[in-house]
Amino acid sequence: QVQLDESGGGLVQAGGSLRLSCAASGRTFSSYAMGWFRQAPGKEREFVAGISWGGSSTYYADSVKGRFTISRDNAKNTVFLQMNSLQPEDTAVYYCAASQLGYVTRVSPAYDYWGQGTQVTVSS
């Protein structure tokens, strides 16, 4: 069982930056691939970024490539999402998720555990 707790969301102006954190409980965190998803009002949840269990592989949605960076610290059971050059269209609730598959996947059903989400609002 893995519990995930996101933090770091907030209100930022367009062009600004935020760093999201996701703290995980459980001794097997390092064996899980981790992902960030987001859901804007009235829209379906979408994949944002993912990282393999060891951190050697990452994958990004085209909409955030070059602006967002996912990383992890297995010693601290934490995954991060650094978000730069934020735009109003990035406004959403951001969720972190853990997949027992271990490798990066953008498919949400592949993720076994989900956090409660953190709100990111980007004003124009």
Side-chain angles (χ1 to χ4, degrees):
Q1 187 78 11
V2 175
Q3 290 186 319
L4 304 172
D5 184 20
E6 303 98 334
S7 62
L11 174 64
V12 64
Q13 289 186 333
S17 299
L18 283 174
R19 189 191 196 204
L20 304 184
S21 298
C22 175
S25 65
R27 292 177 293 177
T28 59
F29 170 78
S30 60
S31 67
Y32 288 81
M34 300 297 295
W36 286 97
F37 291 75
R38 66 186 181 187
Q39 187 167 20
K43 295 187 177 181
E44 293 186 352
R45 185 168 55 191
E46 64 173 356
F47 172 83
V48 175
I51 188 167
S52 60
W53 66 272
S56 61
S57 297
T58 57
Y59 188 74
Y60 298 92
D62 288 343
S63 58
V64 307
K65 200 172 294 182
R67 300 188 297 125
F68 291 11
T69 302
I70 188 171
S71 61
R72 67 189 298 162
D73 184 341
N74 285 345
K76 296 183 178 180
N77 282 12
T78 304
V79 62
F80 305 97
L81 185 68
Q82 177 67 44
M83 306 186 294
N84 298 328
S85 302
L86 284 161
Q87 299 301 317
E89 53 265 35
D90 295 315
T91 295
V93 177
Y94 283 71
Y95 300 89
C96 73
S99 171
Q100 296 183 67
L101 293 177
Y103 56 83
V104 182
T105 175
R106 63 184 302 157
V107 180
S108 59
Y111 288 84
D112 306 283
Y113 304 102
W114 293 82
Q116 294 299 308
T118 184
Q119 176 70 46
V120 171
T121 303
V122 185
S123 63
S124 58

Arg106 side chain to Gly35 backbone, donor-acceptor under 3.5 Å =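 No: the side chain of Arg106 does not pair with the backbone of Gly35.
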Please confirm whether the backbone N or O of Trp53 pairs with a side-chain atom of Asn74, one donor and one acceptor, at under 3.5 Å?
-> yes
Using side-chain hydrogen bond (donor to acceptor under 3.5 Å, both in side chains) as the criterion, list what pairs up with [X], not counting sequence neighbours.
| X | result |
| --- | --- |
| Asp5 | none |
| Asn77 | none |
| Lys65 | Asp62 |

Atom pair [atom1] ([X]) and [atom2] ([Y]), whose distance is rounded to the nearest 0.5 Å:
| X | Y | atom1 | atom2 | value |
| --- | --- | --- | --- | --- |
| Gln82 | Leu20 | CD | CG | 9.0 Å |
| Arg72 | Ser21 | CZ | OG | 13.5 Å |
| Gln39 | Glu46 | CD | CD | 9.5 Å |

Which pairs with one or both residues in [range] pass disulfide (SG to SG under 2.5 Å), sequence neighbours excluded?
| range | result |
| --- | --- |
| residues 20-124 | Cys22-Cys96 |
| residues 35-82 | none |
| residues 48-82 | none |

State which residues pass side-chain contact (heavy atoms from CB on, under 4.5 Å) with Gln3; sequence neighbours excluded, sorted by chain then number.
-> Ser25
Tell me, please, which residues at least two apart from Ser123 pass side-chain contact (heavy atoms from CB on, under 4.5 Å).
-> Leu11, Gln13
Just jot down the ring pair (Phe, Tyr, Trp, His ring centres under 6.0 Å) partners of Tyr59, sequence neighbours excluded, or say none.
->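 Scan of Tyr59 (ring pair (Phe, Tyr, Trp, His ring centres under 6.0 Å), adjacent residues dropped) gives Phe47.
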Please output the side-chain donor-acceptor pairs of residues 108-118 that fall under 3.5 Å, not counting sequence neighbours, one pair per line with the distance.
from	atom 1	to	atom 2	distance (Å)
Tyr111	OH	Thr105	O	2.5
Asp112	OD2	Gln100	N	2.8
Thr118	OG1	Gly9	N	3.2

Any idea which heavy atoms bring [X] and [Y] closest together, and the distance?
| X | Y | result |
| --- | --- | --- |
| Ala92 | Ala40 | CB-N, 3.8 Å |
| Tyr60 | Thr58 | CE1-OG1, 3.7 Å |
| Glu6 | Tyr95 | OE2-CA, 3.3 Å |
| Ile51 | Val104 | C-CG2, 3.5 Å |
| Ala24 | Val2 | CB-CG1, 4.2 Å |
| Gln119 | Val93 | OE1-CG2, 3.2 Å |

Can you get from [X] to [Y] by hopping between Ile, Leu, Val, Met, Phe, Trp and Tyr side chains that sit under 4.5 Å apart?
| X | Y | answer |
| --- | --- | --- |
| Phe80 | Phe68 | no |
| Tyr94 | Leu18 | yes |
| Phe37 | Met34 | no |

Under a side-chain separation threshold of 4.5 Å, the hydrophobic residues clustered together with Leu101 are Tyr103
Write out all pairs satisfying salt bridge (Lys or Arg N to Asp or Glu O under 4.0 Å) with one or both partners inside residues 83-101, taking only residues at least two apart or from two chains.
->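 Checked against salt bridge (Lys or Arg N to Asp or Glu O under 4.0 Å) - neighbours excluded - the pairs reaching residues 83-101 are Arg38-Asp90, Arg67-Asp90.
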